[in-house]
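Report on the structure given below.
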Amino acid sequence: QVQLVESGGGLVQAGGSLRLSCAASGRTFSIYGMGWFRQAPGKEREFVAAISRSNGRTSYADSVKGRFTISRDNAKNTMYLQMNSLKPEDTAVYYCAADNTGMWEPVLTDYDYWGQGTQVTVSS
């Protein structure tokens, strides 16, 4: 089992940047495929980005492609989401998630462990 804790959210103006972190504890971090999801008020939780266990392969939702960058440091048991050129529609609670099978698909139900979320608010 792995425990996940997100940090780095906050209030930022449109066009600004934030970097989210997801710290993992418990089982060996490098065995998990990892992902970021977000949920805006009144909307379903949606995929943002995912990263493979060790070779750095990534995937992104079309809405964030070219603006967000997912990365991980297995030595530090931490995953990151660098968010640039933020837009008001990026406002949401952002969650990190771990896939026990090591996969890194953009499918919410594939993920076994979730953090508590961190709020990102982008003002216009």
Side-chain angles (χ1 to χ4, degrees):
Q1 189 169 349
V2 64
Q3 292 78 43
L4 304 172
V5 178
E6 303 94 336
S7 62
L11 173 65
V12 63
Q13 289 188 332
S17 298
L18 283 174
R19 189 175 84 153
L20 305 183
S21 297
C22 173
S25 61
R27 290 189 66 189
T28 304
F29 179 63
S30 61
I31 71 172
Y32 295 99
M34 298 294 297
W36 286 101
F37 291 78
R38 67 186 181 186
Q39 188 167 17
K43 295 188 176 181
E44 294 186 351
R45 194 170 298 189
E46 65 176 8
F47 170 74
V48 175
I51 188 166
S52 62
R53 289 183 289 183
S54 60
N55 61 10
R57 294 178 65 188
T58 59
S59 66
Y60 296 92
D62 287 344
S63 59
V64 307
K65 203 171 292 184
R67 300 188 298 121
F68 290 11
T69 302
I70 188 172
S71 62
R72 65 190 294 168
D73 185 337
N74 287 342
K76 295 183 178 180
N77 292 344
T78 303
M79 176 178 66
Y80 305 98
L81 185 68
Q82 178 66 44
M83 306 186 294
N84 298 328
S85 303
L86 282 161
K87 304 175 181 180
E89 50 264 43
D90 294 318
T91 295
V93 177
Y94 283 70
Y95 298 90
C96 68
D99 186 329
N100 212 11
T101 68
M103 299 301 291
W104 46 290
E105 299 292 334
V107 179
L108 186 149
T109 53
D110 280 2
Y111 290 81
D112 304 286
Y113 305 105
W114 293 83
Q116 84 289 349
T118 186
Q119 177 71 48
V120 171
T121 303
V122 185
S123 63
S124 57

Atom [atom1] of [X] and atom [atom2] of [Y]: how far apart are they, to the nearest 0.5 Å?
X: Asp110; Y: Asn100; atom1: CG; atom2: CG; value: 11.5 Å
X: Arg53; Y: Met34; atom1: CZ; atom2: CE; value: 13.0 Å
X: Lys65; Y: Thr58; atom1: NZ; atom2: OG1; value: 9.5 Å
X: Arg72; Y: Cys22; atom1: CZ; atom2: SG; value: 9.5 Å

Backbone N or O of Gln1 within a donor-acceptor pair of the Asp112 side chain at under 3.5 Å? no

Return yes if some donor-acceptor pair links the side-chain N/O of Arg57 with the main-chain N/O of Ser52 below 3.5 Å, else return no. no

Which atoms form the tightest heavy-atom contact between [X] and [Y], and what is the distance?
X: Leu81; Y: Ala49; value: CD1-CB, 4.3 Å
X: Cys96; Y: Glu6; value: N-OE2, 2.8 Å
X: Phe29; Y: Ala24; value: CD1-CB, 3.4 Å
X: Thr78; Y: Ala23; value: OG1-CA, 4.3 Å
X: Arg38; Y: Ser63; value: NH2-OG, 3.5 Å
X: Gly35; Y: Met79; value: O-CE, 3.4 Å

Hey, are the side chains of [X] and [Y] touching, using non-hydrogen atoms and a 4.5 Å cut-off?
X: Tyr80; Y: Asp73; answer: yes
X: Thr91; Y: Gln119; answer: yes
X: Leu108; Y: Trp114; answer: yes
X: Ser124; Y: Pro88; answer: yes
X: Phe68; Y: Ile70; answer: no

Walk me through it: do Asp99 and Tyr32 pass the test side chain to side chain contact (heavy atoms under 4.5 Å, CB included)? CA-CA 5 Å; Asp99 186 329; Tyr32 295 99; 5.9 Å; no

[X], [Y]: one ILVMFWY side-chain cluster at the under-4.5 Å cut-off?
X: Phe47; Y: Val93; result: yes
X: Tyr113; Y: Leu20; result: yes
X: Val122; Y: Val64; result: yes

Over 60° means perpendicular and under 30° means parallel, so tell me whether Tyr111 and Phe37 are parallel, tilted or perpendicular. perpendicular

Picking from Thr121, Leu18, Asp90, what satisfies side chain to side chain contact (heavy atoms under 4.5 Å, CB included) with Val12? Leu18

Checking Thr69 against Tyr60 for the side chain to side chain contact (heavy atoms under 4.5 Å, CB included) test, could you report, in this order, the C-alpha distance in whole Å, the side-chain angles of both residues, the deciding distance, and whether it holds? CA-CA 8 Å; Thr69 302; Tyr60 296 92; 3.8 Å; yes

Between Val120 and Met83, is the side chain to side chain contact (heavy atoms under 4.5 Å, CB included) condition met? List the steps. CA-CA 10 Å; Val120 171; Met83 306 186 294; 3.8 Å; yes

Could you go through the side chain to side chain contact (heavy atoms under 4.5 Å, CB included) check for Ile51 and Trp36 one step at a time? CA-CA 9 Å; Ile51 188 166; Trp36 286 101; over 6 Å; no

